[in-house]
Amino acid sequence: MNDYLVFALAFAASAAAPGPEVAALLGRALSGGMRSSFPLAVGIVSGKLLLMTAAAIGLGALATLPGPFFLLLKILGAVYLFWLGIRRWRNAGRVLEPNANAKSGRVADAGLGLAMTLSNPMAVMFYIALLPTVIDLRGLSMSSYAVLCLIIVSVMSAVAISYGMAAETARRCLTSSAQKAMVDRVAGAIMMGAGVLVAFS
């Protein structure tokens, strides 16, 4: 049980620390509300589960991840985030997404979250460095694997909800059109910054 607690605390510290994923979640929640950040969070969680699964299968699988395909994912993710930021900045104070495009936007955000996590070398190194030191991967059972998955999903859900609630509170406190435009510009700047962080991480 202590091993799982160590993993949970280390993962929580890593997940909540400011970085590309947190910046993207915060920017998305500021621009569209807390619920709009959920698809992005789902993609991020999916990526973290895939990395942890690769570590559980064998650390060699993780070593092969940062190849040309994942470099392409990183570049595309960075460009998409930067584009979202510019779009939000230029249209500050206006509603951007009609309902007809909501589904495709959710799918794109989920894909972005997945790509950001899988192409992040720091995320890969986290599992390579931490997992074998706290969990005996040679004797990993399905129940132990399920506990690790539950820790990742629970911690990332708490992180996404916490940042989302903070962004939602800011949005509700700033209700005039000028204040809304300011929030949109801040959200745009955060998204552009997240794109730069993804590109150079």
Side-chain angles (χ1 to χ4, degrees), residues 8-49 76-118 120 122-123 149-199 201:
L9 291 175
F11 181 75
S14 172
E21 293 167 352
V22 165
L25 283 169
L26 187 57
R28 204 65 175 120
L30 272 173
S31 66
M34 186 170 76
R35 293 182 68 177
S36 72
S37 67
F38 289 167
L40 183 64
V42 167
I44 292 170
V45 170
S46 300
K48 291 185 182 301
L49 289 173
L76 290 175
V79 169
Y80 180 65
L81 270 174
F82 204 82
W83 174 77
L84 283 177
I86 291 174
R87 185 169 173 245
R88 178 55 62 182
W89 184 283
R90 290 181 63 189
N91 294 280
R94 292 187 298 184
V95 176
L96 287 180
E97 296 173 333
N99 290 334
N101 294 332
K103 185 173 182 180
S104 61
R106 288 193 297 268
V107 172
D109 280 357
L112 171 63
L114 179 63
M116 279 174 41
T117 302
L118 291 180
N120 182 359
M122 295 306 294
C149 289
L150 182 62
I151 290 170
I152 290 172
V153 172
S154 300
V155 168
M156 279 310 304
S157 297
V159 167
I161 289 170
S162 297
Y163 279 106
M165 286 176 65
E168 189 69 30
T169 300
R171 280 170 54 85
R172 290 185 179 180
C173 290
L174 305 171
T175 55
S176 72
S177 58
Q179 291 171 331
K180 173 72 167 66
M182 182 187 71
V183 169
D184 284 344
R185 289 192 183 100
V186 169
I190 290 173
M191 286 183 186
M192 286 186 274
V196 172
L197 286 173
V198 168
S201 64

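Predicted, not measured: the structure shown is a model, and the values here were computed from it.
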Rounding to 0.5 Å, atoms CD1 (I44) and CG (L49) come to a distance of 12.0 Å

Partners of L9 by side chain to side chain contact (heavy atoms under 4.5 Å, CB included), sequence neighbours excluded? L5

Drop me the distance from M34's CE to S162's OG, to the nearest 0.5 angstrom. 9.5 Å

So which heavy atom on A160 is nearest to which on A41, and how close? CB-CB, 3.8 Å

So, the side chain of Y163 versus the backbone of A23: is there a donor-acceptor pair under 3.5 Å, distance only? no

What heavy-atom pair brings L40 and L25 nearest, and what distance separates the two atoms? CD2-N, 3.7 Å

Rounded to the nearest 0.5 Å, the CE atom of M165 sits from the OG atom of S37 at a distance of 12.0 Å

What salt bridge (Lys or Arg N to Asp or Glu O under 4.0 Å) pairs are there with at least one residue in residues 36-46, not counting sequence neighbours? none

List for me each residue that meets side chain to side chain contact (heavy atoms under 4.5 Å, CB included) alongside V155, sequence neighbours excluded, and say none if there are none. F11, A12, A15, I151, V159

For T117 and E21 the tightest heavy-atom approach is OG1-OE2, 2.9 Å

